[in-house]
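Quick note on labels: first sequence line is chain A, next is B, and so on, each numbered from 1.
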Amino acid sequence: MTTNEPICLFNTLSRKKETFAPIKEGQVEMYTCGPTVYDYAHIGNFRAFLFEDLLKRWLQYKGYKVTHVMNLTDIDDKTIKGSQKQGIPLRQYTDFYAAAFFEDIKALNIAPADVYPRATDHIPEMVQIIKKLLSKGVAYKGDDGSIYFSVAKFPDYGKLSHLKVGELKAGARVNQDEYAKEEAQDFALWKAWTPEDGDVYWETELGKGRPGWHIECSAMSTKYLGETFDIHCGGVDNMFPHHENEIAQTEAATDKTFVNYWMHNEHLQVEGKKMSKRFGNFYTLRDLLAKGYDPITIRYLLISTHYRQQFNFTFEGLESAKAAVERLRNFVRRLHEAEGTIATEKVATLTAKLEACFSGSMDDDLNVAVALSSVFDFVREMNALLDTNLVSKEQAADIGGLMMRIDGVLGVIGKVEVEEALSADIDAMVQKREEARKAKNWKEADAIRAQLKAMGIVLEDTAQGIRWHKEKK
RNA sequence: GCUGGGGUGGCCGAAUCGCUGAGGCGGUAGCCUGCAGAGCUGCUUUAUAUGGGUUCAAUUCCCAUCCCCAGCUCCA
């Protein structure tokens, strides 16, 4: 299954598509910025996680063994405020949203990461890096007791975001109270305790306080993946300052290249506007599920647009995605039910074309749109052959296997219901309808069919006899 | 203000300096069917924001204009 064709990925560092070459042959180590567990994640968050899932699945399809680390940010202003508001310990508060997050990604068929390190479980590792930065003179203790990274001491600062330090809009959103920093662009590695933090603090060699935001990713990624690893992903908003700062503090500490390939996904809009609570177009996954949408439909919609393209989420798009997924499932269902005896050579041609086109498109920086078009082309042409009984049962089984392999990347078809287990009473209804049909008692036949439909059983009369399948909600 | 991305048919969304620009969804007509569903076929589809320029040839390159979006210190 492994092909030798290289994968091209767009690297934010170079702003170019580059041929991907992992550090260790046949293995990929990737780190993706996970959620801050202070609330339910929204569909914009999931676009990022779905992009990363697609990337990982594609690497695996290509035969790489992927080690995937996704952090959970459980210590920052928002989690502290949230837990204080509810009057419960920080850990209890973040545990709740972490659990919700795991439920959500399961619903979206996102393959789990190998490790989900939490910031609060890695304070000693962070302290170690900060100590090293202090000893190297690239970090300093401010008047407020906090420890800051001195951006001026890291000449490469800005290489990821392509922002020049001197051109940053000084003071735009910088806390005016932060006089403790030597330079406005310096960022906190360790935040000294303040009364607002309440009982959230760690007594460390750095003093009483809590870690800055960026340091957790440096500490946890290098702990689980090493000082240099292959891929680091996140949303575009993380590019600056978060990832830029990660690079600065990590590379300053290790004197090694931190990450070879940086990949960032674009944001989504909802109905043409930035998603925000103010516009009333802010949706968590749960909001959409409550409206009755299948999470897999949402998955399909969110992966079907290229990850570096801004994506406009609409409910019309969701309906469209639902129909597209249904088309794929219908096709796979047909394959299961195929009873043909004639093997056609054309099948092999179409199959080869599909594999080559799908693979080639995905290799090109995950060009899903073209990859999907090759799948739909294949489905249409195969359906035509199935219509005329030019596919043998064995061929259909092979194609079914291929579709499952492809779905190992897309993750939208899943297990398609085949008619195996009909409960006795439902079976009796189907039989009854058949008798009514044979007697040309259409009225009764249609009534039973409607009744079954209401129970989620869809009947189909075909030339080969009656078929049924469960309707996917 | 600075930096970056983008404007393709009813909607979503590919691709490319030239073989009359994929695919999905929707609508519609036909085939099939008792009907429906699924599927197939045709049509919708002489769709590349606007105006210039370069070129044998541009949707693709350049310039200008209009519009949308993003980043500019803790929001995926």
**Study point:** Inter-nucleotide C1' distance (U48(B), A58(B)), Å rounded
**Key:** 10 Å
Check your understanding: How is Gly44(A) classified with respect to the nucleic acid when contacts are heavy atoms under 4.0 Å: base, sugar-phosphate, or nothing?
Key -> base
Exercise for review: Rounded to whole angstrom, note down the C1' distance from A29(B) over to C68(B).
Suggested key: 38 Å
**Study point:** Presence of donor-acceptor pair under 3.5 Å, side chain of Lys440(A) and base of C35(B)
**Key:** no
Practice item. Check the geometry between His267(A) and A70(B) and answer yes if their rings are stacked (centres below 5.5 Å, planes below 30°), otherwise no. Key: no
Point to revise | Carboxylate-amine/guanidinium contact Arg118(A) Glu216(A), below 4.0 Å | key: no
Point to revise | Contact pattern, 5' to 3', of nucleotides 19-30 of chain B - B, S or - by protein heavy atom under 4.0 Å | key: ---BSBS-----
Check your understanding: What about Asp446(A), does its side chain sit under 3.5 Å from the base of G34(B) through a donor-acceptor pair?
Key -> yes
Point to revise | Nearest-neighbour nucleotide for the Gln185(A) side chain, G4(B), G34(B), U73(B) considered | key: U73(B)
**Study point:** Counterpart base for C35(B), defined by Watson-Crick or G-U wobble contacts under 3.5 Å
**Key:** none
Practice item. Could you work out the separation of U73(B) and C11(B) based on their P atoms and round it to a whole Å? Key: 37 Å
Review point. Are Lys291(A) and Asp287(A) ion-paired here, with the side-chain N under 4.0 Å from a carboxylate O?
Key: no
Revision key, fill the gap. Checking N1-N3 plus N6-O4 or O6-N4 for Watson-Crick, or N1-O2 and O6-N3 for wobble, each under 3.5 Å, the partner of U50(B) is A64(B)
**Study point:** Test side chain to side chain contact (heavy atoms under 4.5 Å, CB included) applied to Glu266(A) and His306(A), Gln309(A), Arg47(A), the passing residue
**Key:** Arg47(A)
Check your understanding: Among A76(B), C75(B), G39(B), which nucleotide sits nearest the side chain of Asn330(A)?
Key -> G39(B)
Check your understanding: With both distances under 3.5 Å as the test, what is the Watson-Crick or G-U wobble partner of G1(B)?
Key -> C72(B)
Practice item. Check whether any side-chain N or O of Asn383(A) sits under 4.0 Å from OP1 or OP2 of G39(B), and answer yes or no. Key: no
Check your understanding: Is the base of C69(B) touched by the side chain of Gln269(A) through a donor-acceptor pair closer than 3.5 angstrom?
Key -> no
Review point. Reckon Asn367(A) has a side-chain N or O less than 4.0 Å from the OP1 or OP2 of A15(B)?
Key: yes
Point to revise | Electrostatic pair Asp446(A):Lys443(A) at N-O distance under 4.0 angstrom | key: no
Point to revise | Any strand: nucleotide that pairs with A57(B) via Watson-Crick or wobble, under 3.5 Å | key: none
**Study point:** 5' priority, RNA chain B, between Thr314(A) and Asp364(A) [closest heavy atom]
**Key:** Thr314(A)
Practice item. Tell me whether the centres of the aromatic rings in Tyr283(A) and Phe315(A) are closer together than 6.0 Å. Key: yes
Review point. How far does the C1' atom of A70(B) sit from the matching atom of G27(B), given to the nearest Å?
Key: 35 Å
Exercise for review: Check every atom of A70(B), G13(B), G34(B) against the side chain of Arg433(A) and return the nucleotide holding the closest atom.
Suggested key: G34(B)
Exercise for review: Can you label the angle between the Tyr93(A) ring and the Tyr97(A) ring as parallel, tilted or perpendicular, going by 30° and 60°?
Suggested key: perpendicular
Check your understanding: Sequence neighbours excluded, which residues qualify as side-chain hydrogen bond (donor to acceptor under 3.5 Å, both in side chains) partners of Lys346(A)?
Key -> none
**Study point:** Whole-Å C1' distance, G51(B) and G10(B)
**Key:** 27 Å
Check your understanding: Who pairs with Arg308(A) by salt bridge (charged side-chain N to carboxylate O under 4.0 Å, His left out), at least two apart in sequence or on another chain?
Key -> Asp365(A)
Review point. Which nucleotide, C75(B), A76(B), C35(B), lies nearest any side-chain atom of Lys274(A)?
Key: C75(B)
**Study point:** Pair Lys322(A) + Asp294(A), salt bridge at N-O below 4.0 Å
**Key:** no
Revision key, fill the gap. Side-chain contact check for Gln309(A): nearest option of G6(B), G39(B), A76(B) is G6(B)
Check your understanding: Picking from C40(B), C74(B), G34(B), which would you name as closest to the side chain of Lys191(A)?
Key -> C74(B)
Practice item. Would you mind classifying the nucleic acid contact of Arg334(A) as base, sugar-phosphate or nothing, using non-hydrogen atoms under 4.0 angstrom? Key: sugar-phosphate
Study note, to complete from the structure: Against the side chain of Gln310(A), the closest entry in G4(B), G34(B), C75(B) is G4(B)
